Chemist: 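One structure is given below, represented as structure tokens, and several questions about it will come after.
Predicted, not measured: the structure shown is a model, and the values here were computed from it.
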Amino acid sequence: MNQPESNNAQELVLALSKGRIFDETIPLLQEAGIQVLEDPETSRKLILPTNQPTVRVIIVRASDVPTYVQYGAADFGVAGKDVLQEHSSAGLYQPIDLHIAKCRLSVAVRENFDYDAAIKQGSRLRVASKYVQAAREHFAKKGVHVDLIKLYGSMELAPLVGLADVIVDLVSTGNTLKANNLVEVEKIQEITSRLIVNQASLKLKRQLLQPIMEAFKKASIQLN
Ligand code: PRT
Ligand code: MG
């Protein structure tokens with residue numbers, strides 16, 4: 001894949017999203033001796049300097065991290081397994097499970113919706129999700145017919161206003177489901193975040209990347 005001129009051979013660009021991924025990557029960076037010098041929550045900058053002149057961090061939407069890495073605009077990045085599964089893996093090397101931003105992908109319904117009965121009856125289910133790929137696979141494996149409705153956020157609302165019978169969404173504490181009178185009826189898979197690396201960068205910038213990848217690997221086992 002392309003290496004744009006703005007991303008030169010002497011430096012590394014790391015793509016992160018604001019929030020939990022940024023926060024939970026900081027301790028891993030620290031183990032690699034890298035300190036981000038500005039806080040993305042307060043800074044308006046999208047390119048953040050670090051204490052190492054050879055490393056810069058760019059702040060992008062969680063679901064855009066694989067795209068930046070794929071095209072070589074970033075050499076490496078951190079993205080959830082949920083995001084990676086919905087994205088093509090061309091040009092990406094996905095070497096390390098960082099064990100951070102843990103959650104699970106689950107099926108949830110309204111408290112008064114009898115999911116088991118609906119499945120037994122062979123009803124066609126309306127499923128709302130941001131994760132249509134994973135949802136399609138899950139229900140296909142169960143032999144359940146579904147109409148998939150793609151949403152980009154606030155999945156929890158869909159069953160409450162009659163848009164869907166079922167949602168497939170990420171759950172961590174379960175508080176959001178509870179607050180909206182929804183119950184988790186099936187766990188599809190455990191989700192953690194991964195370090196992804198541009199395949200060309202892995203070859204051309206191995207000397208710069210290798211020590212950071214090693215430090216991340218070590219720290220992710222020790223810390224999580
Ligand atoms: O927020 P934005 O639309 O920009 O993008 P995003 O939601 O993809 O980003 P972000 O930063 O919220 O999540 C980044 C990654 O963190 C995801 O891709 C997951 O891999 C991981 N992660 C871990 C989570 C959660 N835990 C999580 N709880 N991502 C989202 N949630 C949401 C969930 O969708 C639900 O709405 O939090 C809500 C449930 O949380 P609980 O604690 O109430 O169960
Ligand atoms: Mg979010």
Chemist: Just jot down the side-chain hydrogen bond (donor to acceptor under 3.5 Å, both in side chains) partners of Ser63, sequence neighbours excluded, or say none.
Modeler: none
Chemist: Are Val127 and Phe139 side-chain neighbours, meaning at least one heavy-atom pair lies under 4.5 Å?
Modeler: yes
Chemist: Quick one: do the Glu184 and Ser106 side chains pair a donor with an acceptor below 3.5 Å?
Modeler: yes
Chemist: Identify, with sequence neighbours excluded, every residue that meets salt bridge (charged side-chain N to carboxylate O under 4.0 Å, His left out) alongside Asp23.
Modeler: none
Chemist: Run the salt bridge (charged side-chain N to carboxylate O under 4.0 Å, His left out) test against Asp147 and tell me which residues pass, sequence neighbours left out.
Modeler: Arg124
Chemist: How close do Leu160 and Asn180 get, heavy atom to heavy atom, and via which atoms?
Modeler: CD2-O, 3.3 Å
Chemist: Please determine whether side chain to side chain contact (heavy atoms under 4.5 Å, CB included) holds for the pair Val197 and Val69, giving the CA-CA distance in whole Å, both sets of side-chain angles, and the decisive distance to 0.1 Å.
Modeler: CA-CA 7 Å; Val197 183; Val69 176; 5.6 Å; no
Chemist: What side chain to side chain donor-acceptor pair (under 3.5 Å) pairs are there with at least one residue in residues 155-172, not counting sequence neighbours?
Modeler: Arg126-Asp165
Chemist: Same cluster for Tyr71 and Val78 if Ile/Leu/Val/Met/Phe/Trp/Tyr side chains link at under 4.5 Å?
Modeler: no
Chemist: Work out which heavy atom in Asp64 is nearest to a heavy atom in Val60; give both atom names and the distance.
Modeler: C-CG2, 4.2 Å
Chemist: Are Ile188 and Phe113 in one and the same hydrophobic cluster, where Ile, Leu, Val, Met, Phe, Trp and Tyr link if side-chain heavy atoms are under 4.5 Å apart?
Modeler: yes
Chemist: Run the salt bridge (charged side-chain N to carboxylate O under 4.0 Å, His left out) test against Lys102 and tell me which residues pass, sequence neighbours left out.
Modeler: none
Chemist: Kindly write out the residues that satisfy side chain to side chain contact (heavy atoms under 4.5 Å, CB included) with Ala32, not counting sequence neighbours, or none if the list is empty.
Modeler: Ile34, Ile212, Ala215, Phe216
Chemist: Going through the checks in order, is the side chain to side chain contact (heavy atoms under 4.5 Å, CB included) test met by Leu14 and Leu29?
Modeler: CA-CA 11 Å; Leu14 171 64; Leu29 283 168; 3.8 Å; yes
Chemist: Contact between Leu28 and Ile26 at the side-chain level, heavy atoms closer than 4.5 Å - yes or no?
Modeler: no
Chemist: State, to 0.1 Å, how close Leu182 and Pro159 come at their nearest heavy-atom pair, and which atoms those are.
Modeler: CD2-CG, 4.0 Å
Chemist: Side chain to side chain contact (heavy atoms under 4.5 Å, CB included) with Arg206: which residues, sequence neighbours excluded?
Modeler: Leu202, Gln210
Chemist: Scan residues 207-223 for pairs that pass salt bridge (charged side-chain N to carboxylate O under 4.0 Å, His left out), counting only residues two or more places apart or in two chains.
Modeler: none
Chemist: Show every side chain to side chain donor-acceptor pair (under 3.5 Å) that has at least one partner inside residues 76-88, sequence neighbours left out.
Modeler: Thr67-His87, Gln70-Ser88, Lys81-Gln189, Asp82-Tyr131, Gln85-Gln189
Chemist: Please check if the number of heavy atoms outside Lys150 that lie under 6.0 Å from its NZ is greater than 12.
Modeler: yes
Chemist: Is there a path from Val13 to Leu92 through hydrophobic residues (I, L, V, M, F, W, Y) whose side chains come within less than 4.5 Å of each other?
Modeler: yes
Chemist: Excluding sequence neighbours, so at least two apart, what forms salt bridge (charged side-chain N to carboxylate O under 4.0 Å, His left out) with Lys45?
Modeler: Glu38
Chemist: In this structure, would Val171 and Leu151 fall into the same cluster of hydrophobic residues linked by side-chain contacts under 4.5 Å?
Modeler: yes
Chemist: At their closest point, which heavy atom of Val65 faces which heavy atom of Leu16, and how far apart are they?
Modeler: CG2-C, 4.3 Å
Chemist: Restricting to side chain to side chain contact (heavy atoms under 4.5 Å, CB included), what partner residues turn up for Lys178, sequence neighbours left out?
Modeler: none
Chemist: For atom CD of Gln207, is the number of surrounding heavy atoms from other residues, nucleotides or ligands below 6.0 Å larger than 12?
Modeler: no
Chemist: Can you name the residues that form a side chain to side chain contact (heavy atoms under 4.5 Å, CB included) with Ala108, not counting sequence neighbours?
Modeler: Ile167, Leu177
Chemist: Run the salt-bridge test on Lys142 and Glu186 with the 4.0 Å N-O cut-off and return the result as yes or no.
Modeler: yes
Chemist: Give the minimum heavy-atom separation between Ser220 and Asp97, together with the two atoms involved.
Modeler: OG-O, 3.8 Å
Chemist: According to a hydrophobic-cluster definition based on side-chain heavy atoms being under 4.5 Å apart (Ile, Leu, Val, Met, Phe, Trp, Tyr only), do Ile21 and Leu223 belong together?
Modeler: yes
Chemist: For Cys103 and Leu170, which heavy atoms make the closest approach, and how far apart are they?
Modeler: SG-CD2, 4.0 Å
